Amino acid sequence: MAKIVKRKDLAAEVVLMELEAPEIAKKRKPGQFIILRVNEQGERIPLTIADSDPDAGTITIIFQVVGKTTMQLRDLHEGDKIADLAGPLGTATHIKNFGTAVAIGGGVGTAVIYPIAKGLKEAGNNLISIIGARTKNLLILTDEMEKISNRLIVATDDGSFGVNGFVTDVLKQIIDEGIKPDIIYAIGPLPMMKAVANATRPLGIKTIVSLNPIMIDGTGMCGGCRVTVNNQTKFACVDGPEFDAHQVDFDNLGQRLKVYNHQEKESCKIFG
Amino acid sequence: MAAEQKEHKAKKEKIARQDMPEQKPDVRKRNFDEVPFGYTPELAQKEAQRCLQCKRPSCVEGCPVNINIPAFIKLIAEGKFTEAARKIKEENALPAVCGRVCPQEAQCEGNCILGAKGKDKPVAIGNLERFAADWEREHKEVTVPQIKDATHKRVAVVGSGPAGLTVAGELRKFGHEVTVFEALHKSGGVLVYGIPEFRLPKSIVQSEVDYLSKMGIKIVNNYIVGNTRTVDELFADGYDAIFVGSGAGAPMFLNIPGENLNGVFSANEYLTRSNLMKAYKFPEYDTPIIKGKRVATIGGGNVAMDSARTALRLGADESYIVYRRSMNELPARIAEVHHAEQEGINFKILTLPTRIIGDENGFVKGIECQKMELGEPDESGRRRPVPVKGSEFILDVDTVVVAIGNTPNPLIPSTTPDIKTTKYGTIIAEEGSGLTTKSKVFAGGDVVTGAATVILAMGAGKKAAKAIDDMLKS
Ligand SMILES: Cc1cc2nc3c(=O)[nH]c(=O)nc-3n(C[C@H](O)[C@H](O)[C@H](O)COP(=O)(O)OP(=O)(O)OC[C@H]3O[C@@H](n4cnc5c(N)ncnc54)[C@H](O)[C@@H]3O)c2cc1C
Ligand SMILES: Cc1cc2nc3c(=O)[nH]c(=O)nc-3n(C[C@H](O)[C@H](O)[C@H](O)COP(=O)(O)OP(=O)(O)OC[C@H]3O[C@@H](n4cnc5c(N)ncnc54)[C@H](O)[C@@H]3O)c2cc1C
Ligand code: SF4
Ligand code: SF4
Ligand code: FES
């Protein structure tokens with residue numbers, strides 16, 4: 001059982017929670033995630049550890065409401081408990097001073113990139129952050145990202161805030177300005193990550209993405225999270241979730257994410 | 001007198017081996033309830049009377065933990081069922097499990113003198129063991145054993161499979177403080193996530209776990225040693241010894257084209273979804289599974305049988321076992337193969353999958369296979385299957401389950417470099433004690449042997465408990 005000590009709506013259907021998890025809070029590193037189960041009938045779902053407070057013994061998760069489990073989670077209150085919480089899982093981000101680092105977050109991917117960006121900044125990188133969303137009221141963590149970045153550029157698809165366009169457009173712009181990133185981290189919807197990979201491949205800029213396949217155990221036991229990287233099969237929960245963007249087979253991942261579309265819709269419909 | 005004895009013996013041989021009543025194949029293949037109902041007391045006593053009470057019982061030698069088989073069978077014959085269960089428990093803490101899942105034909109029953117003569121069948125030792133254990137549990141006769149005075153020594157056990165549960169129970173009896181750390185949200189290891197409900201009801205595993213809790217063992221779920229805390233950090237927390245029983249839980253794949261298509265599962269994933277997450281009760285339970293209409297399971301062991309039979313219960317019209325050797329080489333328990341055949345599993349033997357074919361949306365639509373024939377014997381003495389040229393054909397299926405084996409998860413050795421492993425990834429441990437290359441760290445079960453059996457994991461746990469106790473006392 002893990003207690004919800006704080007709950008806050010960040011944007012439309014994007015919720016932040018602080019959960020009591022003293023051991024995980026002590027141990028976790030940027031890039032790692034947890035797996036939780038809301039109740040006895042619940043599914044196990046992975047969520048990134050967006051932040052932690054080892055002294056308070058809490059971790060922060062930020063999730064977008066997309067299906068039944070995240071709806072159930074959304075409806076919980078401060079003081080409620082969730083049935084199971086395990087972690088920290090996955091390989092931590094390899095963080096060092098690369099020089100100039102660009103952190104790109106799309107949608108709720110900003111929650112996943114935030115701890116990594118923070119780590120990169122603390123390691124001494126010149127950190128340029130780009131965050132984007134479809135529209136203004138879906139933007140999250142703009143203040144937090146502003147605080148840790150040397151430079152932050154915000155973009156919206158509809159131009160309701162910041163640059164009018166995609167994060168890839170912004171990336172191209174800053175490269176045209178003459179900035180030479182030593183490394184790029186891009187986390188967001190699959191099409192966004194694929195677009196970034198395609199943009200940086202010809203330029204030879206090392207690019208890392210964090211993949212979000214369907215998981216169960218998160219410990220390397222089921223192989224359900226397998227992804228194709230450099231024509232090899234990898235288990236994202238233990239070998240990742242971060243991989244070299246230029247080697248990821250995004251189409252295979254996109255296809256695997258649709259396996260249960262039908263059942264997921266059914267679950268949501270019954271849940272109402 | 002001599003004549004009387006002879007007559008007595010002859011009468012004994014007349015009793016045929018008593019089958020357990022079970023659900024009819026066409027009914028059970030559509031539900032997840034346990035297949036056999038178990039013996040009635042009458043059937044159990046009748047079967048028990050078949051035992052010759054051998055002076056030098058060969059059956060006992062066949063049992064990896066040397067249960068006093070004639071003694072417990074005699075108690076059943078006398079109607080002392082609870083006493084029989086306690087007799088078994090002197091050597092085996094999980095008789096309700098072992099009676100159901102041990103490969104008896106290769107162990108106790110394979111060595112029974114009655115079967116050796118060829119004319120008769122061996123005593124149904126497994127069925128009787130199960131009966132005694134079920135009786136004791138169902139009649140609430142299970143009592144918590146005597147626990148020795150507190151030694152104030154603390155032992156951490158990693159993994160709650162048969163090895164970990166056994167170590168924990170034994171060490172607790174010796175008076176040590178024991179904490180079991182389990183990665184998953186439920187305890188029992190393969191017994192809960194792998195072996196299906198229709199073969200081993202989860203309530204039985206749960207009652208064994210509850211029993212350990214009653215003995216004062218602390219079980220911490222959702223705790224991944226290596227991630228949540230490493231072995232060295234556990235020592236820093238004040239544990240005096242650590243037992244690693246983390247099993248062989250990492251699935252192997254075939255490495256053939258198409259394995260990452262939608263509808264291809266490792267047996268671990270398929271069974272975990274169905275058993276641990278109760279996907280067969282979707283949408284009451286949230287975890288989905290593909291309920292394929294035509295399912296192919298690749299492999300021939302218990303894991304493959306469990307997967308193929310699960311597929312039927314999830315509603316498959318056709319469930320195939322695709323195995324590259326012949327029926328004689330199937331490594332599964334005889335009882336499982338028999339049950340699978342009764343339920344109409346379609347065995348495609350001497351068949352090797354070479355490619356999985358997908359449709360335009362990335363879902364499985366078939367497997368390309370090649371026929372095999374048996375050639376010269378290989379190192380294992382089994383005749384090596386060799387492909388028959390030009391024999392390729394396509395099996396029309398929508399779901400594929402890969403059940404070709406599991407290896408140990410590398411997490412613990414990779415976070416504890418002084419625990420050395422073999423090239424197969426199994427932890428190197430001393431025969432007998434289970435001591436690893438790291439001081440005060442012991443290991444046993446599948447993580448040491450590679451995927452094996454419940455009873456061997458328990459046997460290893462028992463020996464390690466003794467060695468740990470000796471170490472803690474000195
Ligand atoms: C390592 C990792 C980190 C993640 N971090 C975050 C995060 O910080 N914030 C966030 O909002 N989301 C994150 N996700 C995605 C999140 O896990 C899914 O959105 C969530 O599982 C959806 O569950 P649901 O029942 O609400 O929706 P469903 O209706 O079940 O599914 C909606 C979508 O989520 C995907 N999904 C479903 N079940 C799972 C599962 N068990 N594991 C993974 N994906 C699944 C499906 O492909 C589907 O497209 C992360 C995923 C991974 C693998
Ligand atoms: C489907 C299937 C059917 C089988 N059928 C039979 C049968 O009929 N008869 C038979 O005798 N045998 C059978 N077996 C084999 C038998 O189940 C195993 O040999 C036995 O369970 C091994 O026991 P164990 O304690 O070594 O490991 P496991 O049962 O694998 O338990 C290991 C436990 O450790 C946990 N763990 C792993 N890593 C960590 C970590 N880092 N931190 C915390 N916890 C961790 C795992 O989650 C798991 O719960 C079957 C196996 C499978 C998969
Ligand atoms: S533990 Fe297994 S091998 Fe031993 S007697 Fe029981 S069923 Fe037979
Ligand atoms: S070998 Fe068979 S007949 Fe003899 S004691 Fe064992 S079970 Fe009984
Ligand atoms: S989630 Fe099961 S192996 Fe990765």
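Computed from a predicted model, the values in this text were never measured in an experiment. Here is the naming used below: chain letters follow the sequence lines, and residue numbers restart at 1 for every chain.
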Engineer: In terms of heavy-atom pairs under 4.5 Å with chain A, which of B:Val402, B:Asn255, B:Ile289, B:Asn221 leads?
Structural biologist: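 Max contact count across the listed options: B:Ile289.
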
Engineer: Look at A:Glu264, A:Glu40, A:Arg28 and state which one has the largest set of heavy-atom pairs under 4.5 Å with chain B.
Structural biologist: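 Counting heavy-atom pairs under 4.5 Å, the top option is A:Glu40.
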
Engineer: Against chain B, label A:Ile214 side chain, backbone, both or neither, depending on which of its atoms sit under 4.5 Å from a heavy atom there.
Structural biologist: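 A:Ile214 touches chain B through side-chain heavy atoms alone.
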
Engineer: Side chain, backbone, both or neither: which part of A:Leu85 has an atom under 4.5 Å from a heavy atom of chain B?
Structural biologist: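 Backbone of A:Leu85 only, per the 4.5 Å heavy-atom cut-off to chain B.
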
Engineer: Answer yes or no: is there a donor N or O on one side and an acceptor on the other, between the side chain of B:Asn268 and the main chain of A:Gly223, under 3.5 Å?
Structural biologist: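 Checking the backbone N and O of A:Gly223 against the side chain of B:Asn268, no donor-acceptor pair under 3.5 Å is found.
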
Engineer: Please state whether the side chain, the backbone, both or neither of B:Lys291 comes within less than 4.5 Å of a heavy atom of chain A.
Structural biologist: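 Answer is neither: B:Lys291 stays 4.5 Å or more from chain A.
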
Engineer: So do B:Asp286 and A:Gln72 actually touch side chain to side chain, heavy atoms under 4.5 Å?
Structural biologist: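 SC-SC contact between A:Gln72 and B:Asp286 confirmed.
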
Engineer: Please identify, among A:Arg256, A:Lys68, A:Lys258, the residue contributing the most non-hydrogen atom pairs under 4.5 Å to chain B.
Structural biologist: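 Option with the top pair count is A:Arg256.
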
Engineer: Among B:Glu233, B:Lys281, B:Glu284, who wins on heavy-atom pairs under 4.5 Å with chain A?
Structural biologist: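 Ranked by contacts with chain A, first place is B:Glu233.
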
Engineer: Tell me, side chain or backbone of A:Arg226 under 4.5 Å from chain B's heavy atoms, or both, or neither?
Structural biologist: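 A:Arg226 touches chain B through side-chain heavy atoms alone.
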
Engineer: Taking atom CG of A:Asp9 as the centre, report whether more than 12 heavy atoms of other residues, nucleotides or ligands fall under 6.0 Å from it.
Structural biologist: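 Yes - once you tally the heavy atoms of other residues, nucleotides and ligands closer than 6.0 Å, there are more than 12.
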
Engineer: Check whether A:Glu266 gets within reach of chain B through its side chain, its backbone, both or neither, counting any heavy atom under 4.5 Å.
Structural biologist: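 Just its side chain gets close to chain B.
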
Engineer: I'd like to verify something: which residue of B:Ala250, B:Gly249, B:Pro410 has the highest number of heavy-atom pairs under 4.5 Å with chain A?
Structural biologist: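 The answer is B:Gly249.
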
Engineer: Taking non-hydrogen atoms and a cut-off under 4.5 angstrom, which of residues 269-279 of chain B neighbour chain A?
Structural biologist: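 Within residues 269-279 of chain B, near chain A: B:Glu269, B:Thr272, B:Arg273, B:Met277.
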
Engineer: Going from NE2 on B:His185 to CG on A:Asp217, what distance comes out if it is rounded to the nearest 0.5 angstrom?
Structural biologist: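 B:His185 atom NE2 to A:Asp217 atom CG measures 11.0 Å (nearest 0.5 Å).
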
Engineer: Which one, B:Pro251, B:Ser266, B:Gly263, leads in non-hydrogen pairs under 4.5 Å with chain A?
Structural biologist: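 Top option by heavy-atom pairs under 4.5 Å: B:Pro251.
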
Engineer: Decide yes or no for A:Cys222 and B:Phe265: does some side-chain heavy atom of the first lie under 4.5 Å from some side-chain heavy atom of the second?
Structural biologist: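 Of all side-chain heavy-atom pairs linking B:Phe265 with A:Cys222, none is under 4.5 Å.
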
Engineer: Taking side chain as everything from C-beta outward and backbone as N, CA, C, O, which of these in A:Asp84 sits under 4.5 Å from a heavy atom of chain B? Side chain, backbone, both or neither.
Structural biologist: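 Looking at A:Asp84, backbone and side chain both touch chain B.
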
Engineer: Counting distance only, does the side-chain N/O of A:Gln255 pair as donor-acceptor with the main-chain N or O of B:Leu261 below 3.5 Å?
Structural biologist: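 Checked: no pair found.
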
Engineer: Nearest 0.5 Å, what's the CD1-CG distance between A:Ile34 and B:Asn227?
Structural biologist: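 A:Ile34 atom CD1 to B:Asn227 atom CG measures 13.0 Å (nearest 0.5 Å).
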
Engineer: Against chain B, label A:Arg37 side chain, backbone, both or neither, depending on which of its atoms sit under 4.5 Å from a heavy atom there.
Structural biologist: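 Side chain only.
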
Engineer: What pair of heavy atoms forms the shortest contact from A:Pro88 to B:Thr228, and how long is it?
Structural biologist: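 So the two residues come closest at CD-CA, 4.0 Å.
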
Engineer: Please state whether the side chain, the backbone, both or neither of B:Leu411 comes within less than 4.5 Å of a heavy atom of chain A.
Structural biologist: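 It is neither, since no heavy atom gets under 4.5 Å.
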
Engineer: Among the options B:Asn361, B:Asn409, B:Asn260, pick out the one with the most heavy-atom pairs lying under 4.5 Å from chain A.
Structural biologist: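 Sorted descending by pairs with chain A, the first entry is B:Asn260.
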
Engineer: Quick one: which of A:Lys27, A:Lys26, A:Glu23 has the most heavy-atom pairs under 4.5 Å with chain B, could you say?
Structural biologist: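 Option with the greatest count: A:Lys27.
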
Engineer: Tell me, for A:Phe235 versus chain B, whether the close heavy atoms (under 4.5 Å) come from the side chain, the backbone, both or neither.
Structural biologist: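 For A:Phe235, the side chain is the part near chain B, not the backbone.
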
Engineer: Below 4.5 Å from any heavy atom of chain A, which atoms of B:Thr230 appear? Answer side chain, backbone, both or neither.
Structural biologist: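 Both parts, heavy atoms under 4.5 Å.
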
Engineer: Should we say atom NZ of B:Lys365 is surrounded by more than 12 heavy atoms from elsewhere, each under 6.0 Å from it?
Structural biologist: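 No, NZ of B:Lys365 has 12 or fewer neighbouring heavy atoms, counting only those of other groups under 6.0 Å.
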
Engineer: Out of curiosity, A:Arg44 CZ to B:Thr287 OG1, how far, rounded to the nearest 0.5 Å?
Structural biologist: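 A:Arg44 CZ to B:Thr287 OG1: 9.5 Å, rounded to 0.5 Å.
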
